[in-house]
Amino acid sequence: MISVKDKIVLITGASSGIGSACARVFAGAGARLILAARRYDKLEEFAKELRKEYGCETYLISLDVRDLQQVEQVFSNLPENWQNIEILINNAGLSRGLEKLHEGSIPDWQEMIDTNVKGLLYVTRTVVPGMVKRGSGHVVNIGSIAGRAAYPGGSVYCASKAAVRAISEGLKQDLLGTPIRVTEIEPGLVETEFSIVRFHGDTDRAKKVYQDLTPLTGDDVADVVFFCVTRPAHVNISEVLVVPNDQASALLVHRHPPK
Ligand code: NDP
Ligand code: 8X3
């Protein structure tokens, strides 16, 4: 097992959900964390908690991954003791809306594609060259079960996650012959802020997504990420589909209302 003690882990979308859960797991194992998200106030509060609970050292970045200039600027100006990023967790992402494609909102599509696809590419393009130069690193991309098959109303989100799958596969091929590893994690239903964001703040509608079933938590996904990252150096877990036991495919779920 590889130790992550004192290693630098960059997590995008660390202000909530799966990203925060990953931060906690890596903090608990003694890593140093670069946490990025748009909501800087949330990161500040969270960093205090991580320091108190784990003595974790953090470097916080207010970042919109859709902004290429900002991405390039922040990662080329990291303080010297934060430059050697060992693990990149490309987690920032979102879904917007569940309308039929021919009735969908174009700004929603742009936001999903700009964040989930272009944002992930910008961060990867900016951070991975350093890993190649140092001959060391691991890229973990958070894809989704939605990247394996489309579902009604989800075509653009599903397409964005299918892109994450293809990008992860291609990156692994491009890095073949280097020690750098690439993993794509494809979660099913995870109860986070995801559905609240999808439904533009409609919390009642968001709750219904997870009603009468037991969804994954961010911690469940973070456990899997941590497992993949800490395998011996010759082992690359290329992809993991992780779903709640109450879920068999994106739409096939078992709901069991309380009696
Ligand atoms: P949350 O909404 O709880 O977290 C999303 C995170 O992404 C937030 O920290 C948010 O931070 C950040 N983010 C969104 N847009 C941007 C942006 N433009 N720039 C920087 N950060 C951004 O949802 P999850 O934790 O569930 O989602 C994390 C990832 O997991 C996403 O890629 C999602 O697609 C994927 N996923 C989620 C599943 C689920 O069922 N929940 C299942 C499968 C995959 P901020 O708003 O502060 O910028
Ligand atoms: C999130 C899971 O099924 O809501 O990626 O699209 S799903």
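Indexing begins at 1, ligand by ligand and atom by atom, following the structure's order. FYI, side chains are in, hydrogens and waters are out, and symmetry mates aren't considered; it's all heavy atoms of this structure.
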Counting from 1, what ligand 1 atoms have a heavy atom of Asp64 closer than 4.0 Å?
17 (C), 18 (N), 19 (N)
Audit row: Leu33, Leu50, side chain to side chain contact (heavy atoms under 4.5 Å, CB included) steps and yes/no:
CA-CA 10 Å; Leu33 305 181; Leu50 292 175; 4.0 Å; yes
Identify which of Val243, Ile61, Val190 has a heavy atom lying nearest to atom 41 (N) of ligand 1.
Val190
For residues Phe75 and Leu171: do they belong to one hydrophobic cluster (side chain heavy atoms under 4.5 Å, members Ile, Leu, Val, Met, Phe, Trp, Tyr)?
yes
Does Lys161 approach ligand 1 within less than 4.0 angstrom via side chain, backbone, both or neither, non-hydrogen atoms only?
side chain
Salt bridge check: are Lys42 and Glu193 linked by an N-O gap of less than 4.0 Å?
yes
One finds that the ligand 1 atoms under 4.0 Å from a non-hydrogen atom of Tyr157 are 33 (C), 34 (O), 36 (N), 44 (C)
What do you reckon, does Arg66 put a non-hydrogen atom under 4.0 Å from ligand 1?
yes
Of the side chain and backbone of Tyr40, name the one, both, or neither that has a heavy atom under 4.0 Å from an atom of ligand 1.
neither
Where on Leu63 is there a heavy atom closer than 4.0 Å to ligand 1, on the side chain, on the backbone, on both, or on neither?
backbone
Has Ala146 got any heavy atom lying under 4.0 angstrom from an atom of ligand 1?
no
Polar contact flag for Gln247 and ligand 2 (N/O pairs, less than 3.5 Å)
no
NZ or CZ of Arg198 within 45° of Tyr157 ring axis and under 6.0 Å:
yes
